[in-house]
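All remarks here apply to the structure that follows.
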Amino acid sequence: MLHIPAFQPNQSPLGVDGDDDVKVPVTFGVMSRCPDALLCESVFDKALPRVEDKIDLSLSFIGTINASEPDFGVTCLHGPEECAGNVQELCATKYLDQKQWWAYLKCQNFNGRGKVGNPDIALKCADTAKFDWLESGVGKCAGEDGSGKGEEGVGLLQESVRNSKELGIEKSCTILINNRQACIHDGTWKECEDGHAPEDFVRQINNEYERLNAA
C-alpha cells in the first residue's frame with residue numbers, strides 16, 4: 001500500500017470557508033494511450049461533478065527516463081506518440097483550470113487511444129475544450145504545431161516520470177486519494193479496498209475532505 005505524507009507544500013489545514021478549505025489531492029498514475037487509463041478516467045468522470053470543488057486533480061505519467069530518446073528523453077510503453085500525448089495533457093494541466101483540462105483529456109480519449117498524441121487531435125480538442133492553443137500557454141508548452149515536443153512540456157514529462165517513480169506508481173492506472181493508493185486497474189480492478197465504482201470514489205473523497213478540514 002502506498003503511503004505518502006498527507007499534505008502538499010501549497011496546502012495548509014485551514015477552515016472550510018471560501019478558498020481556505022484544503023483540497024483532497026487526487027492523482028492518476030497513467031499512460032495516455034493505455035486502455036486501463038482510459039477506463040479509469042471514464043469511471044472517475046462520473047464521480048467528478050460531485051467532488052470537483054473538493055479535489056486537486058493531477059496526472060502522473062509512467063515511463064522510463066532514457067537520455068538516448070531524441071525527442072522526449074523518455075521511453076513510453078505505447079511509443080513516442082504516447083509521450084507526445086503525455087506532454088499535451090501535462091501542459092493542459094499546467095495552464096488550464098481543472099474543469100477545462102479534464103474536458104481536454106476527455107476529448108483526447110473520445111477520439112480513441114490510438115490517436116492520443118496526434119497533433120491534429122491535440123489542436124481539435126483545444127477547440128472542443130474551448131481554449132486557444134497558443135494564447136492559453138498550452139501550445140507554447142507542448143509545441144505550437146501540436147507535436148508534443150515543446151521544450152517546456154518535455155521537461156514536464158521527465159519530471160512527471162520521476163515523480164511517478166518516487167511515488168511508487170508502477171501500474172497504469174493507479175489512483176491515489178490524499179496521496180494513498182485507493183485503487184488500481186491493470187486488466188481488472190485490483191487493490192480497491194474501498195470500492196471502485198463512482199460512488200465509492202465520491203465517498204472516499206468526501207471522507208478525506210472532512211478529515212482534512214476538521215476543526
Side-chain angles (χ1 to χ4, degrees), residues 26-42 44-45 48 56-167 169-175 185:
V26 177
T27 303
F28 276 70
V30 289
M31 299 179 282
S32 62
R33 283 195 169 199
C34 175
D36 295 290
L38 271 66
L39 187 147
C40 275
E41 290 158 359
S42 176
F44 193 77
D45 185 56
L48 186 57
D56 180 8
L57 186 60
S58 63
L59 304 175
S60 193
F61 286 102
I62 299 168
T64 304
I65 296 295
N66 179 3
S68 66
E69 206 292 324
D71 292 322
F72 303 102
V74 170
T75 298
C76 296
L77 182 63
H78 302 93
E81 296 84 2
E82 179 171 74
C83 286
N86 296 350
V87 168
Q88 293 159 0
E89 293 177 6
L90 283 169
C91 290
T93 67
K94 179 171 182 178
Y95 286 98
L96 305 176
D97 64 40
Q98 183 170 283
K99 184 174 290 189
Q100 201 164 40
W101 75 251
W102 185 257
Y104 180 73
L105 178 146
K106 284 172 59 179
C107 175
Q108 288 217 341
N109 291 352
F110 178 80
N111 281 277
R113 70 185 187 91
K115 293 184 178 179
V116 173
N118 290 5
D120 59 330
I121 298 299
L123 300 176
K124 172 186 173 183
C125 285
D127 291 337
T128 301
K130 296 181 170 55
F131 68 90
D132 186 283
W133 181 253
L134 297 179
E135 293 297 323
S136 64
V138 176
K140 182 178 180 182
C141 174
E144 293 185 3
D145 58 357
S147 65
K149 297 178 183 178
E151 182 178 355
E152 181 184 7
V154 168
L156 291 177
L157 175 59
Q158 294 173 7
E159 179 183 355
S160 184
V161 167
R162 292 188 182 99
N163 181 66
S164 294
K165 187 173 182 179
E166 289 175 5
L167 292 176
I169 296 172
E170 298 178 349
K171 300 292 185 181
S172 173
C173 159
T174 298
I175 302 173
H185 195 282

(request) Please step through salt bridge (charged side-chain N to carboxylate O under 4.0 Å, His left out) for the pair K94 and E152, ending with a clear verdict. (result) CA-CA 11 Å; K94 179 171 182 178; E152 181 184 7; 2.6 Å; yes
(request) Could you walk me through whether F44 and F28 pass side-chain contact (heavy atoms from CB on, under 4.5 Å), step by step? (result) CA-CA 10 Å; F44 193 77; F28 276 70; 3.4 Å; yes
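Q98 contributes atom CD, which lies 9.0 Å from atom OG of S58 (distance to the nearest 0.5 angstrom). One distance of note links NZ of K99 with CG of L57; it measures 13.0 Å at 0.5 Å rounding. Between the CD atom in Q158 and the CD1 atom in I65 there is a gap of 5.0 Å [rounded to 0.5 Å]. Taking OG from S172 and CD1 from I62, the interatomic distance works out to 5.0 Å, rounded to the nearest 0.5 Å. Atom CG of residue L59 and atom CG of residue N163 lie 11.5 Å apart, to the nearest 0.5 angstrom.
Between the side chain of N66 and the backbone N or O of S68 there is at least one donor-acceptor pair closer than 3.5 Å. At least one donor-acceptor pair closer than 3.5 Å links the side chain of Q88 to the backbone N or O of G146. Proximity of a side-chain donor or acceptor of N118 to a complementary backbone N or O of I121 within less than 3.5 Å is not detected. Side-chain atoms of E69 come within 3.5 Å of backbone N or O of D71 as a donor-acceptor pair. The closest donor-acceptor contact from the side chain of E89 to the backbone of L105 lies at 3.5 Å or more, if one exists at all.
Counting only heavy atoms from C-beta outward, the side chains of V26 and D56 never approach each other to under 4.5 Å. The shortest distance between side-chain heavy atoms of K140 and L134 does not fall below 4.5 Å.
Shortest non-hydrogen contact noted between H185 and C40 is CB-SG, 3.6 Å. Contact record, E81 with H78: OE1-O, 4.3 Å, taken as the closest heavy-atom pair. Here the closest non-hydrogen pair linking W133 and G143 is NE1-O, 3.2 Å. Smallest separation of non-hydrogen atoms from A142 and C91: N-SG, 3.4 Å. Minimum interatomic distance between S136 and L96 (heavy atoms only, all atoms of both residues): CB-CD2, 4.1 Å. In plain terms, the two heavy atoms of N109 and E41 that are nearest each other are ND2-OE1, 2.7 Å.
When the options V30, L156, V74 are evaluated for a side chain to side chain contact (heavy atoms under 4.5 Å, CB included) with F61, the one that passes is V30.
No side-chain donor-acceptor contact under 3.5 Å links S60 and T27. T64 and T75 share no side-chain donor-acceptor pair at under 3.5 Å. Between the side chains of S32 and N86, at least one donor-acceptor pair of N or O atoms lies under 3.5 Å. Defined by atom type and a distance below 3.5 Å, a donor-acceptor pair is present between the side-chain atoms of W102 and D45.
The SG atoms of C83 and C76 sit under 2.5 Å apart.
A search for ring pair (Phe, Tyr, Trp, His ring centres under 6.0 Å) contacts involving F72 returns nothing, not counting sequence neighbours.
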Just distance, no hydrogens or angles: give the donor-acceptor pairs under 3.5 Å from side chains in residues 110-117, sequence neighbours left out.
{"from": "N111", "atom 1": "OD1", "to": "K124", "atom 2": "NZ", "distance (Å)": "3.2"}
{"from": "N111", "atom 1": "ND2", "to": "C107", "atom 2": "O", "distance (Å)": "2.8"}
{"from": "R113", "atom 1": "NH1", "to": "R33", "atom 2": "O", "distance (Å)": "2.8"}

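Aromatic ring centroids of Y104 and F131 lie under 6.0 Å apart.
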